[in-house]
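The figures here come from the full heavy-atom set of this structure, side chains too, leaving out hydrogens, waters and symmetry mates. Below, chains carry the letters A, B, ... as their sequence lines are ordered, and counting in each starts from 1.
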2 protein chains.
Amino acid sequence: MNRDTRTTLLDIAEYNARSRGFDGFSYADLAVAVGIRKASIHYHFPTKADLSDHLIVRYHTSLKERLAEIENDHLSADERLMALIRLYREALNGGQTVCLCVAFSICRERISEKVVIRVGAVRAMLLKWIKSNFELGLKDRSISLITAPEEEACATLAMLEGAHLAARTAQDTAPFDAAIQMLLGRCRQSARKE
Amino acid sequence: MNRDTRTTLLDIAEYNARSRGFDGFSYADLAVAVGIRKASIHYHFPTKADLSDHLIVRYHTSLKERLAEIENDHLSADERLMALIRLYREALNGGQTVCLCVAFSICRERISEKVVIRVGAVRAMLLKWIKSNFELGLKDRSISLITAPEEEACATLAMLEGAHLAARTAQDTAPFDAAIQMLLGRCRQSARKE
DNA sequence: GTCTATAGAGAGATAGAC
DNA sequence: GTCTATCTCTCTATAGAC
């Protein structure tokens, strides 16, 4: 184990949570994957509730950074939207994992209220970003058929998260690709490539 | 307990699975809710795998019937789509439960392959129905901006399932309503009401 | 069809040695 | 930081009486 144990634990816990749900893995699973005993994990994360909190906090930060990178790398609204779609597509890991918010939505009653609020905060951040991007799309006219940015943002996030579900069941990105096709078709750059 | 115990068990198990995930409830939970001992549940459903199979089979049948009812009650594509949206909205139970397919997508690795295939079959049925309805929408012009019915169907189902997730986290229908607003706005009947 | 009783596995968590 | 050992609880499931 070359890397920091704590980080490795978070990585593996996140993968497990996104792959099997927060109830779908145990400290024993992590212990085997990381190569230490499960009692040692409690040193890093005393309780599973504690672990879940660190997972969603890190996820929020990471996602925020990725969104900032997208804004840095792309100037037009359509390119930014396409980059966001790619981000979600990559998060699928070929149909093996869903977004952490998706996974945490199902076990809502078994995670702490604090974590539930943080999941809401991640979605709020995403909605704000997507809404701003649709507003930009209205200006630069790079995305077609925009009427209400706020509503578009809600629909888009729901669709991205929902597209993860069918793809996860199928263990294949195909259902995801099929679902995002309509949205992609509204992007100017995407249309040019076809 | 006036009703058939087996049916009551299925009802409560379905509610639990949709509310907390398939890993989120136990035979002990069902026993308390139904008012019999957990050993007695094994008489009706020998294993939890068996229970999950009956849940998804019943869900498929029930959904098929509801779709047929919608076709019976409504003739235009927009009214049928609005009825489907209402169906999903009601399935939310005010933000307490998601679609069973959604719940079963997260615990994919812990349910049998047979059940995974059945979940796929439910989605395939829904996609077929929604696609047909968009094709009807092209003819009767009751839904605006339709280009590709197949792609529209995939996007619509993903959005409906995804809209369940945010609403479940919030324990409120508001995020669902916000997400379906765009789709609703394309329905002729809906537009008339505004 | 429902019960009591129990098996056997695995969960999250802690104490204390090194 | 990681270990062994252990606790307590809960899980799914079964045996056998009624």
A:E109 and B:Q96 side chains, donor-acceptor separation under 3.5 Å
no
Between A:T169 and B:R123, a side-chain donor and acceptor under 3.5 Å
yes
If the test is side-chain contact (heavy atoms from CB on, under 4.5 Å), which one of B:I85, B:D78, B:L81 qualifies with B:L184?
B:I85
Contacting residues from residues 36-44 of chain B, given that a heavy atom lies under 4.0 angstrom of DNA chain C
B:I36, B:R37, B:A39, B:S40, B:Y43, B:H44
What is the distance, to the nearest angstrom, from the [atom1] atom on [X] to the [atom2] atom on [N]?
X     : N      : atom1 : atom2 : result
A:D23 : D:dC11 : CG    : C1'   : 13 Å
B:L30 : D:dT10 : CG    : P     : 16 Å
A:K48 : D:dC9  : NZ    : P     : 19 Å
A:D29 : C:dG10 : CG    : C1'   : 10 Å
B:Y27 : C:dT4  : OH    : P     : 18 Å

Could you walk me through whether B:M125 and B:L67 pass the side chain to side chain contact (heavy atoms under 4.5 Å, CB included) test, one step at a time?
CA-CA 10 Å; B:M125 176 192 65; B:L67 294 180; 4.2 Å; yes
Quick check against the 3.5 Å criterion: does B:T97 have a side-chain atom that pairs as donor or acceptor with the backbone of B:A91?
yes
Carboxylate-amine/guanidinium proximity below 4.0 Å for B:D29 and B:R20:
yes
Same apolar cluster: B:Y15 and B:V119, side chain cutoff 4.5 Å
no
OP1 or OP2 of D:dG1 versus the side-chain N and O atoms of A:T5: is any pair under 4.0 Å?
no
Output yes when at least one side-chain N/O atom of B:T47 is less than 4.0 Å from OP1 or OP2 of D:dT12, else no.
no
Give the ring-plane orientation class for A:F104 versus A:F22, where under 30° counts as parallel, over 60° as perpendicular and anything between as tilted.
perpendicular
Identify the heavy atoms of B:R168 and A:S105 that sit nearest to each other, and give their distance.
CG-O, 3.4 Å
Scan B:F45 against the nucleic acid and name what it touches under 4.0 Å (heavy atoms): base, sugar-phosphate only, or nothing.
nothing
Could you list all N or O pairs between the protein and nucleotides 16-18 of chain D that sit under 3.5 Å apart?
none

